[in-house]
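For the numbers below, each heavy atom of this structure counts, side chains included, while hydrogens, waters and symmetry mates do not. Predicted model, so just to flag it, every value in this text is computed and none were measured.
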Amino acid sequence: KTTDAGETWVTIPSNVSNNLYSIDFTNYPNGIITGNQGTILVTTNGGLNWQPRSSGISSIIYSVTYLGDDEYIAVGNSGYILKTTNNGYNWTVIKKESSIPLYKIKSVNNKVWVVGDNGTILYSTDKGLTWGRIGASITFETLNGLDVINGNNLFAVGGNGVVINSLNRGIDWLIQNSNTQKELRDVKFIDPNRGWAVGDSGTVIKTSNGGVNWTTSNIPVSKNLESVDFFDQDYGVTVGDGGAIFITSNGGTTWINRTT
């Protein structure tokens, strides 16, 4: 945990040994972590203590998102989509999308988007009650990362440096030139123009014009970067394999190693 934009970090015991993949604190001080073997942890005090909860599945749960009103949806391996209506204390499988791994989920105003293997993109307009497939054949690359801006503008990233963008809630998509063939694993936009994506071997790309142009600002490490977040146009943090943590205070032009 950090309280100073990533300058310093404090280790908090999770009391589990499984790999952990996703965290959501949108409903702070309530938070949820998901991980390997169906792991779900919940906190009600800002992460000071974590309590394991049963997901009812043994597959990896890769991503979780907050819907509002104490509701969350999570996605994972084997196409599982799970939902809770009481801040993570009880979970129900609401859909199983064949056996396709689902890697990222995002929600805005009751609408939910999911991306996964083989270019899979799922969309729900009713908090996950019903689902449809969108973006057919735009790419067959694995899609690892997803961000949604204002409920209409979507960016997804994945294998071989693929970046795709939709301006109409995911109905139509365009492939952008990312200037990299490295696997991209996460993407974050702070507004429709300014965004960053991270991936394998320290790859960092950024745009200031909505993805029309992407430029590289790679971190000189061999580690894969798994997640990225920006607090504003200057301050951001990316984390990766082996406990790697890097922060920036100039919009990703340079990065400082804060690995624990």
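No donor-acceptor pair under 3.5 Å is formed between the side chain of Ser178 and the backbone N or O of Val162. In this structure, Thr216 contributes its side chain and Asn218 its backbone to no donor-acceptor pair below 3.5 Å. A donor-acceptor contact shorter than 3.5 Å is absent between the side chain of Ser124 and the backbone of Val112. Checked by atom type and distance alone, the side chain of Lys96 pairs as donor or acceptor with a backbone atom of Ser78 at under 3.5 Å. When atom types are taken as modelled, the side chain of Lys1 and the backbone of Gly46 share a donor-acceptor pair closer than 3.5 angstrom.
Counting only residues at least two apart or on different chains, the ring-ring contact (aromatic ring centres under 6.0 Å, His included) pairs with a member in residues 51-86 are Tyr21-Tyr62, Tyr62-Tyr103, Tyr66-Tyr72.
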* Asked: Passes side-chain hydrogen bond (donor to acceptor under 3.5 Å, both in side chains), Thr142 versus Asp117? Steps please.
  -> CA-CA 4 Å; Thr142 294; Asp117 210 9; 2.6 Å; yes
* To do: Take Trp196 and Thr238, measure what side-chain contact (heavy atoms from CB on, under 4.5 Å) needs, and give me the verdict at the end.
  => CA-CA 10 Å; Trp196 299 259; Thr238 181; over 6 Å; no
* What's the verdict on side-chain contact (heavy atoms from CB on, under 4.5 Å) for Ser217 and Trp255, showing C-alpha distance, side-chain angles and the deciding distance? -> CA-CA 9 Å; Ser217 57; Trp255 295 85; 3.9 Å; yes
* To do: Show your reasoning for whether side-chain contact (heavy atoms from CB on, under 4.5 Å) applies to Ile60 and Gln37.
  => CA-CA 5 Å; Ile60 299 171; Gln37 296 182 340; over 6 Å; no
* Show the numbers, then the answer: is there a side-chain contact (heavy atoms from CB on, under 4.5 Å) between Thr215 and Asn179? => CA-CA 7 Å; Thr215 58; Asn179 287 310; 5.9 Å; no
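Partners of Trp50 by ring-ring contact (aromatic ring centres under 6.0 Å, His included), not counting sequence neighbours, listed by chain and number: Phe25. The side chain to side chain contact (heavy atoms under 4.5 Å, CB included) check on Asn90 picks up Arg53, Asn86, with sequence neighbours excluded. When the side-chain hydrogen bond (donor to acceptor under 3.5 Å, both in side chains) test is applied to Asn36, no partner is found at least two apart in sequence or on another chain. Judged as a ring-ring contact (aromatic ring centres under 6.0 Å, His included), and not counting sequence neighbours, Phe246 has no contacts.
Annotation for Ile32 and Gly88: closest pair CD1-CA, 3.8 Å, computed over non-hydrogen atoms. Nearest approach of Ala244 to Lys223, heavy atoms of both residues: CB-CD, 3.6 Å. In plain terms, the two heavy atoms of Leu146 and Lys104 that are nearest each other are N-CG, 3.7 Å.
Residues Leu67 and Leu129 fall into different hydrophobic clusters, defined by Ile, Leu, Val, Met, Phe, Trp and Tyr side chains chained together at heavy-atom separations under 4.5 Å. Both Ile247 and Val239 are part of a single hydrophobic cluster, where members link through side-chain heavy atoms under 4.5 Å apart. Linking Ile, Leu, Val, Met, Phe, Trp and Tyr residues whenever their side-chain heavy atoms come within less than 4.5 Å leaves Ile245 and Val221 in two separate clusters. Placement of Ile134 and Leu167 in two distinct hydrophobic clusters is found when ILVMFWY residues are connected by side-chain heavy-atom separations under 4.5 Å, directly or transitively. Residues Val148 and Val115 share a hydrophobic cluster, clusters being chains of Ile/Leu/Val/Met/Phe/Trp/Tyr side chains in contact below 4.5 Å.
The distance from atom OG of Ser58 to atom CG of Asn77, rounded to the nearest 0.5 Å, is 10.0 Å. In this structure, OG1 in Thr85 is found 10.0 Å from NZ in Lys127, a value given to the nearest 0.5 Å. Summarising the geometry, atom OG belonging to Ser249 is positioned 5.5 Å from atom CD1 belonging to Ile256; distances are rounded to the nearest 0.5 Å. The distance from the CH2 atom of Trp91 to the NZ atom of Lys83 is 10.5 Å, given to the nearest 0.5 Å. The distance from atom OG1 of Thr43 to atom CG of Asn87, rounded to the nearest 0.5 Å, is 10.5 Å. Within the model, atoms CG of Asn250 and CG of Asp234 stand 7.5 Å from one another, a figure rounded to the nearest 0.5 Å.
Within a 6.0 Å radius of NZ in Lys182, other residues, nucleotides and ligands contribute 12 heavy atoms or fewer. Around atom OH of Tyr235, no more than 12 heavy atoms belonging to other residues, nucleotides or ligands sit under 6.0 Å away. Within a 6.0 Å sphere centred on CG of Asn168, heavy atoms belonging to other residues, nucleotides or ligands number more than 12. Counting heavy atoms of neighbouring residues, nucleotides and ligands inside a 6.0 Å radius, atom CD of Gln51 exceeds 12 of them. Within 6.0 Å of CG in Asp191 there are more than 12 heavy atoms belonging to other residues, nucleotides or ligands.
Counting only N and O atoms by type, the side chains of Asn165 and Asn153 include a donor and acceptor under 3.5 Å apart. No donor-acceptor contact under 3.5 angstrom links the side chains of Asn118 and Thr120, judged on distance only. Using modelled atom types and a 3.5 Å distance limit, the side chains of Thr259 and Asn257 yield a donor-acceptor pair. Looking at Lys206 and Thr253, their side chains do bring a donor and an acceptor atom within 3.5 Å of each other.
Side chains of Val212 and Thr207 form no contact here, defined as non-hydrogen atoms less than 4.5 Å apart. Thr65 places none of its side-chain heavy atoms less than 4.5 Å from the side chain of Trp113. Inter-residue side-chain proximity for Ile121 and Trp173 is flagged as met; some heavy-atom pair is nearer than 4.5 Å. With a 4.5 Å cut-off on side-chain heavy atoms, Val75 and Leu122 do not count as touching. The shortest distance between side-chain heavy atoms of Ile164 and Leu143 falls below 4.5 Å. Side-chain atoms of Pro192 and Asn150, non-hydrogen and from C-beta on, do get closer than 4.5 Å to each other. Counting heavy atoms from C-beta on, the side chains of Glu71 and Ile73 never come closer than 4.5 Å.
Salt bridge status for Asp229 with Lys188: present, with a side-chain N to carboxylate O gap under 4.0 Å. A salt bridge does not link Arg185 to Asp241: none of the charged side-chain nitrogens sits closer than 4.0 Å to a carboxylate oxygen.
Tested against Val64 for a side chain to side chain contact (heavy atoms under 4.5 Å, CB included), the candidates Ile40, Leu82, Ile33, Thr34 yield a single pass: Thr34.
Counting Ile, Leu, Val, Met, Phe, Trp and Tyr side chains that sit under 4.5 Å apart, directly or through other members, Val163 shares a hydrophobic cluster with Ile149, Phe155, Val157, Leu184, Val187, Phe189, Ile205, Trp214.
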